[in-house]
Amino acid sequence: MKALLIALSISVCATLAPVSESVAEDKTDEDRLQSVSGDDWKVEIISDSLNYPWDIEAAGDQLILTEAAGNIVMLHQGELQRYVVKTSDPVVNEGGSGLLGMALAKDFTKSGVAWLYHTYRSDSGLTNKVIKVHFDGRQWQETGVLLAGIPGHRLYNGGRIAIGPDGFLYVTTGWTEDEQRPQDIQNLAGKVLRMTLDGKQPQDNPIPGSLVYSLGHRNPQGLAWNQRGELFITEHGQNAHDEINLVTPRSNYGWPEIQGDEERAGMKTAWLNSGSQTWAPSGATFAGDNLLVAALGAKGLYMFDKTKKNLRQIFSSGDRLRDVITAGNDIYVITTNRSPRAEGPSADRLIKLTLKQ
């Protein structure tokens with residue numbers, strides 16, 4: 001256990017303020033975050049019995065997580081409940097595939113409506129889909145398929161979904177280790193997709209008749225909007241050169257033709273990249289105007305340092321961090337310590353971070 005875990009306490013009780021990962025409206029002190037270090041956090045382990053959690057969201061006073069095996073975990077008033085999602089096609093959890101991203105309706109606490117991204121097996125092999133689901137207080141049940149046939153892979157599925165400030169659903173997809181697909185505008189792999197909440201094409205999508213919002217991505221696993229409504233995504237590089245990209249409609253982010261600082265006509269150079277280092281960035285969110293990134297390879301929570309123009313570690317417990325959200329003055333992170341290649345321990349944790357006074 002790293003020395004940064006200076007205030008560990010075991011708890012399964014969390015009091016939450018309403019939170020939206022898509023539009024950052026938390027109360028965290030922005031100036032203080034820019035100078036925060038690992039010693040500035042009070043750290044609580046909310047749960048240490050998770051199994052490869054992938055996405056964390058909050059609704060009212062409860063936390064809701066996906067687990068890659070096909071479960072949804074709900075934490076409410078100190079109680080943990082695990083539900084197997086009932087889907088029309090079984091969730092396939094192989095390597096980095098499975099039940100991945102989740103987006104909750106704004107009125108989830110009343111409607112029980114959410115959207116999920118999961119892997120299934122089709123005639124062409126591992127494949128991904130976006131589904132709509134409903135929680136009735138007893139079970140999670142698929143109620144519709146928004147999009148099926150997204151190319152899948154044992155490692156590269158993208159998988160993050162979120163409702164943007166414009167009310168549309170954004171979806172990241174992986175390149176599936178096929179060099180042609182990210183640059184093929186007709187293929188759904190290696191893209192950011194944009195659709196209505198019932199899976200239709202918004203009239204103002206940048207490519208008429210297409211769900212494709214941007215292309216040329218490798219394995220994007222994070223979506224976050226700042227207070228100005230700008231979309232940032234995190235992406236895994238091939239050998240280091242992990243990227244954070246500021247996404248604009250119809251832009252081509254170059255994979256596999258360019259990466260990192262490389263340039264080519266008609267393609268966007270990364271907004272920020274890790275160079276020869278590895279972050280393996282996954283979930284992202286904004287605390288005020290501060291970009292927070294959960295890192296798997298670099299094992300920690302990172303923040304964009306506005307002075308140095310780079311990511312700076314602000315917390316580490318020695319865990320691979322998969323996702324991060326903010327709720328009031330608190331930050332929550334989840335771990336996936338077992339890699340998609342089945343390396344590492346199987347038990348994972350939900351950790352609450354609160355700045356000390």
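Index from 1, following the sequence.
- To the nearest 0.5 Å, the span separating CD1 on I314 from CG on L292 amounts to 5.0 Å.
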Q: Assess whether side-chain contact (heavy atoms from CB on, under 4.5 Å) is satisfied between V36 and W41, documenting all intermediate values.
A: CA-CA 9 Å; V36 74; W41 298 106; 4.1 Å; yes
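- Between E57 atom CD and M102 atom CE the span is 5.0 Å, to the nearest 0.5 Å.
- A salt bridge is defined here as a Lys NZ or Arg NE, NH1 or NH2 lying under 4.0 Å from an Asp or Glu carboxylate O, and R218 with E243 fails to meet this definition.
- Using modelled atom types and a 3.5 Å distance limit, the side chains of T196 and D198 yield a donor-acceptor pair.
- For the pair K352 and L350, the minimum side-chain heavy-atom distance is 4.5 Å or more.
- One hydrophobic cluster, built from ILVMFWY side chains closer than 4.5 Å, cannot hold both L272 and M267; they sit in different ones.
- Distance check, rounded to the nearest 0.5 Å: CZ of R82 to OG of S49 gives 6.0 Å.
- You'll find the side chain of D61 reaches within 4.5 Å of the side chain of Q77, heavy atoms only.
- Hydrophobic clustering (ILVMFWY, side-chain heavy atoms < 4.5 Å, transitive): I185 and I150 are in one cluster.
- A parallel orientation is assigned to the rings of W140 and F135, their planes being inclined by less than 30° (bins at 30° and 60°).
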Q: Under the side-chain contact (heavy atoms from CB on, under 4.5 Å) rule, what do V91 and V84 come out as? Steps first, then yes or no, please.
A: CA-CA 10 Å; V91 174; V84 177; over 6 Å; no
Q. Step by step, would you call D319 with S317 a side chain to side chain donor-acceptor pair (under 3.5 Å)?
A. CA-CA 5 Å; D319 295 292; S317 58; 2.5 Å; yes
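- When atom types are taken as modelled, the side chain of E235 and the backbone of I244 share no donor-acceptor pair closer than 3.5 angstrom.
- Minimum interatomic distance between V85 and N71 (heavy atoms only, all atoms of both residues): CG2-C, 4.4 Å.
- Among Y170, F304, F286, the one residue that satisfies the ring-ring contact (aromatic ring centres under 6.0 Å, His included) test with F232 is F286.
- Using a 3.5 Å distance cut-off with no hydrogens or angles, the side chains of N273 and Q259 do not pair a donor with an acceptor.
- Residues V92 and Y156 fall into different hydrophobic clusters, defined by Ile, Leu, Val, Met, Phe, Trp and Tyr side chains chained together at heavy-atom separations under 4.5 Å.
- A distance-only check finds a donor-acceptor pair linking the side chain of T172 to the backbone of P220 [under 3.5 Å].
- Between the Y253 side chain and the I258 main chain, no donor and acceptor come within less than 3.5 Å of each other.
- No donor-acceptor pair under 3.5 Å is formed between the side chain of N205 and the backbone N or O of P208.
- Judged by distance alone, the side chains of D184 and Q180 never bring a donor and an acceptor atom under 3.5 Å apart.
- With hydrogens and angles ignored, the 3.5 Å screen pairs a side-chain donor or acceptor of T127 with a backbone N or O of G125.
- The number of heavy-atom neighbours closer than 6.0 Å to CD of E230, taken from other residues, nucleotides and ligands shown, is above 12.
- Taking every heavy atom of both residues into account, S97 and L126 meet most closely at OG-CD1, 4.5 Å.
- No side-chain heavy atom of R194 sits under 4.5 Å from any side-chain heavy atom of L211.
- Here the CE atom belonging to M195 is positioned 11.0 Å from the NZ atom belonging to K200, to the nearest 0.5 angstrom.
- The closest donor-acceptor contact from the side chain of T326 to the backbone of I331 lies at 3.5 Å or more, if one exists at all.
- The CG atom of L246 sits 7.5 Å away from the NZ atom of K268 when rounded to the nearest 0.5 Å.
- In terms of modelled atom types and a separation under 3.5 Å, the side chain of S316 and the main chain of G318 share a donor-acceptor contact.
- R349 has its side chain out of reach of N337: every pair of non-hydrogen atoms, C-beta onward, lies at least 4.5 Å apart.
- A cation-pi arrangement is not found for R160 relative to Y117, the charged atom failing to lie both closer than 6.0 Å to the ring centre and inside a 45° cone about the ring normal.
- The shortest heavy-atom contact between W175 and P182 is CB-CG, 3.5 Å.
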(Q) Before you tell me yes or no, could you show the steps for L193 and V130 under side-chain contact (heavy atoms from CB on, under 4.5 Å), namely the whole-Å CA-CA distance, both residues' side-chain angles and the distance that decides it to 0.1 Å? (A) CA-CA 11 Å; L193 309 178; V130 179; over 6 Å; no
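- Under a 4.0 Å N-O distance rule, the pair D305/K308 does not qualify as a salt bridge.
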Q) side-chain contact (heavy atoms from CB on, under 4.5 Å) between V324 and V293: does it pass, once the steps are laid out? A) CA-CA 7 Å; V324 55; V293 177; over 6 Å; no
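- Residue A59 comes nearest to I64 through the heavy atom pair CB-CD1, 4.3 Å, listed as atom of the first residue, atom of the second, then distance.
- No side-chain donor-acceptor contact under 3.5 Å links N245 to the backbone of V247.
- Across all their heavy atoms, R181 and K191 have their closest contact at O-NZ, 2.7 Å.
- A salt bridge does not link D39 with K356: none of the charged nitrogens is closer than 4.0 Å to a carboxylate oxygen.
- Within the 3.5 Å criterion, the main-chain N or O of I56 finds a donor-acceptor partner in the side chain of D323.
- Using a 4.5 Å heavy-atom threshold, the side chains of T234 and D242 count as separate.
- With contacts defined as side-chain heavy-atom distances shorter than 4.5 Å, the pair E257/N252 does not qualify.
- Linking Ile, Leu, Val, Met, Phe, Trp and Tyr residues whenever their side-chain heavy atoms come within less than 4.5 Å places V133 and L104 in a single cluster.
- With a 4.5 Å cut-off on side-chain heavy atoms, P256 and Q238 do not count as touching.
- Considering CG of L215 and CG of L188, their distance stands at 12.0 Å, rounded to 0.5 Å.
- Between Q81 and H76 the shortest side-chain heavy-atom distance does not fall below 4.5 Å.
- Taking a cutoff of 4.0 Å between a charged side-chain nitrogen and a carboxylate oxygen, R322 and D348 do not qualify as a salt bridge.
- Across every non-hydrogen atom of G159 and L100, the tightest pair is O-CB, 3.9 Å.
- Side chain of H241 to main chain of D261: no donor-acceptor pair is present (N/O by atom type, distance under 3.5 Å, no hydrogens or angles).
- Hydrophobic clustering places M303 together with V43 (ILVMFWY residues linked when any side-chain heavy atoms are closer than 4.5 Å, directly or through intermediates).
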